[in-house]
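One-based numbering, in listed order, for ligands and for the atoms of each. Not measured: the values here are computed from a predicted model.
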Amino acid sequence: MSMSNSLKKLSSCVLIDLDGTLINTDGVVVDILRKYLCKYGKQWDGRESLKIVGKTPLEAATTIVEDYGLPCGVDEFNSEFYPLFSAQMDKIKSLPGANRLIQHLKGHGVPMALASNSSRANIETKISYHKGWKECFSVIIGSDEVSKGKPSPDIFLEAARRLNKDPADCLVIEDSVTGVLAGKAAGTKVVAVPSLPKQTHLYTSADEVINSLLDIKPEKWGLPPFQDWIENTLPIDPWRIGGPVIKGFGRGSKVLGIPTANLSTKDYAEQLVEHPSGVYFGWAGLPTRGVFKMVMSIGWNPYFNNSEKTIEPWLLHDFTEDFYGEELRLIIVGYIRPEANFPSLESLVAKIHEDKEVAERALDLPSYAKFKQDPYLSK
Ligand code: ADP
Ligand code: RBF
Ligand code: MG
């Protein structure tokens, strides 16, 4: 072990944020605001998420009222918004990898605090819809329990105090810049998991920025490693997606020598937001041709910096012809790595071929192979 590694301070407990980190609160908030703003003849423009992520409820409300020039005060806004929001709290979904992470840490006896800018009462309600979550946290703390919310360090300092830990022994996991600043000001280690895309450059003060909770490596911070990776792949809850093959960016075969059969992004917009970008694999079915191994990327293809999130499935089979317009069914069973940028086209292509090898080998393992028989693929 190198000197710097052996001196590196390791964490013995975890302080974790809720909204945007463990659950997709923004999804429900945006749904409500979209409808609510219509009432005032305003249209949600999609950019406000950037401004409200990580804020306290009061700050977020103030931002909306000011940005949209609503003819009501912040109090009136809150008195209308909160009942709508409360009625939808049971619809807030956990983020991919969230349950896996907290159950893993709990299983290894790692003390955890849930430390959120939201109110204590709302935190309790939100997590009540997620089975077994409350029991994972020995401390739960909201911004109404300290004098200042994040980016002030108060919430994390108080969380550490209640866990009986030195902040320097704590690892903070946060999706917002505000939360990252709070963690650093408190003197903790901070792993950032940005909840909004293409924001990595704003997180310079974090100790590490990862793409999703699927990428967290607890052992980097002195915490017990995950043991669920098999042969460089992470099993996930299988999900299915399908539709007619459409024209893509026109560069898969031409530029990379790797054809990817694209699906219409409009038809599966909801699934696209739900799944973190990254490289995945599974099985692909074409009704008249059969079922084939498949490796794919989801995301913005950092090397090409696309403005749209797409799915790029490469069927691991040599076809003698194109199959545009044919119904393609995919079942995605495992995760390989986050999308990355590369210094050259050759290195991108080499990495994709490596992904292919990983997927081909993994799909022979019984736990992944069994999905080849899934009726969805040949329906
Ligand atoms: P586009 O940009 O239109 O997606 P690509 O160069 O990525 O074009 O080629 C994808 C097309 O190539 C698919 O729509 C399909 O018709 C055909 N194709 C041939 N072999 C394969 C394969 N092994 N995997 C995916 N698509 C393939
Ligand atoms: N593009 C990237 O910019 N970064 C990646 O890490 C990346 N990984 C990929 C992995 C696989 C298995 C496949 C099939 C594609 C990947 N691509 C990646 C996407 C590639 O850029 C895309 O298919 C082409 O741009 C065609 O539109
Ligand atoms: Mg393509």
> Can you tell me which portion of Asn301 lies within the under-4.0 Å heavy-atom range of ligand 2? Options are side chain, backbone, both, or neither.
both
> Out of Leu348, Val279, Ile352, whose heavy atom is nearest to atom 15 (C) of ligand 2?
Ile352
> Any idea which atoms of ligand 2 are less than 4.0 Å away from a heavy-atom of Pro302?
2 (C), 3 (O), 4 (N)
> Could you pull out, from Leu256, Leu345, Ile336, the option with a heavy atom nearest to atom 20 (C) of ligand 2?
Leu256
> Heavy atom under 4.0 Å from ligand 2: found in Phe249's side chain, backbone, both, or neither?
side chain
> Answer yes or no for Ser253: is there an N/O/S atom below the 2.8 Å cut-off from the Mg ion (ligand 3)?
no
> For Phe226 and Arg100: C-alpha separation, side-chain torsions, deciding distance, then whether side chain to side chain contact (heavy atoms under 4.5 Å, CB included) applies.
CA-CA 9 Å; Phe226 281 112; Arg100 166 182 179 251; 3.2 Å; yes
> For atom 21 (C) of ligand 1, what's the nearest protein heavy atom and its distance?
Pro259 CG, 3.6 Å
> When you look for heavy atoms under 4.0 Å from ligand 2, do you find them on the side chain of Val255, its backbone, both, or neither?
neither
> Out of all atoms in ligand 2, which are within 4.0 Å of some heavy atom of Glu339? Include the element for each.
6 (O)
> Classify the contact between Asn341 and ligand 2 as side chain, backbone, both or neither, using a heavy-atom distance cut-off of under 4.0 Å.
neither
> In a check of side-chain contact (heavy atoms from CB on, under 4.5 Å) between Ser116 and each of Ile123, Leu22, Thr25, which one passes?
Ile123
> Decide whether an N or O pair under 3.5 Å exists between Arg251 and ligand 2.
yes
> Given that the side chain starts at C-beta and the backbone is N, CA, C, O, which of these parts of Lys356 lies under 4.0 Å from ligand 2, counting heavy atoms, or is it both or neither?
neither
> Which atoms of ligand 1 sit under 4.0 Å from any heavy atom of His317?
23 (N)
